[in-house]
Participant: 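Here it is, the structure in full.
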Amino acid sequence: RDRSPSRGLGDVYKRQEIKFEASVGRNGYMIGQISAKQIEQALKAKGLIVDKRKFVDFSPVTYFGHGKVKVELFKGVIAEINVYIVEKAK
């Protein structure tokens with residue numbers, strides 16, 4: 001079975017970058033976390049529909065910086081989405 005169209009869709013998702021702002025605590029650590037639902041909503045705002053249950057090995061993001069979230073688009077087609085968390089301006 002030819003999966004090249006679905007792999008092409010995976011490339012579209014891989015090029016996506018999502019940026020979140022979070023508050024900083026006293027010790028420089030992030031207050032709160034970025035959940036799967038927040039990532040799902042950010043993708044939806046960009047016109048990309050993903051069910052949060054399709055995230056692979058997901059745990060909420062609790063740190064500043066760059067991370068990757070894996071999403072299973074189709075059986076055997078997994079895309080990695082870049083997630084950036086920066087400090088919220090005071």
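Atom set for the values below is all heavy atoms of this structure, side chains included, hydrogens, waters and symmetry mates excluded.
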Participant: Return the set of residues passing side-chain contact (heavy atoms from CB on, under 4.5 Å) with K68 (not counting sequence neighbours), or none when no residue passes.
Facilitator: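 Counting only residues at least two positions away or on another chain, K68 forms a side-chain contact (heavy atoms from CB on, under 4.5 Å) with H66, E80, N82.
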Participant: For the residue pair V50 and F55, establish whether any side-chain heavy-atom pair is separated by less than 4.5 Å.
Facilitator: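 The answer is yes, as the side chains (C-beta and beyond) meet within the 4.5 Å cut-off.
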Participant: Work out which heavy atom in E40 is nearest to a heavy atom in D51; give both atom names and the distance.
Facilitator: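 Heavy-atom minimum between the residues: OE2-CA, 4.0 Å.
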Participant: K52 versus I39: any side-chain heavy-atom pair under 4.5 Å?
Facilitator: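 Heavy-atom side-chain distance check fails, nothing below 4.5 Å.
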Participant: Is there side-chain contact between I78 and V71, with heavy atoms separated by less than 4.5 Å?
Facilitator: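 I78 does not reach V71 side chain to side chain.
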Participant: My understanding is that only residues two or more places apart in sequence, or in another chain, count here; which of them pass salt bridge (Lys or Arg N to Asp or Glu O under 4.0 Å) with D57?
Facilitator: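 Applying salt bridge (Lys or Arg N to Asp or Glu O under 4.0 Å) to D57 gives none.
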Participant: Once rounded to the nearest 0.5 Å, what's the spacing between atom OG1 of T62 and atom CD1 of I34?
Facilitator: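 Between T62 OG1 and I34 CD1, I get 10.0 Å after rounding to 0.5 Å.
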Participant: For atom NZ of K46, decide whether the heavy atoms of other residues, nucleotides or ligands shown that lie under 6.0 angstrom number more than 12.
Facilitator: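 Yes, the 6.0 Å shell around NZ holds more than 12 heavy atoms from other groups.
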Participant: Does the side chain of Y29 come within less than 4.5 Å of V24's, by heavy atoms?
Facilitator: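 When only atoms from C-beta onward are counted, Y29 and V24 do not touch, as no gap falls below 4.5 Å.
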Participant: Is the shortest heavy-atom distance from the side chain of I18 to the side chain of L43 under 4.5 Å?
Facilitator: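 Yes, at least one pair of side-chain atoms sits under 4.5 Å.
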Participant: Quick check: closest heavy atoms across A22 and I85, and the distance to 0.1 Å?
Facilitator: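 The answer is CB-CG2, 4.1 Å.
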Participant: Mind checking whether F58 and V69 have side chains closer than 4.5 Å, heavy atoms only?
Facilitator: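 A side-chain contact under 4.5 Å exists here.
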Participant: A side-chain contact here means heavy atoms from C-beta on lying under 4.5 Å apart; do Y63 and M30 qualify?
Facilitator: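 When only atoms from C-beta onward are counted, M30 and Y63 do not touch, as no gap falls below 4.5 Å.
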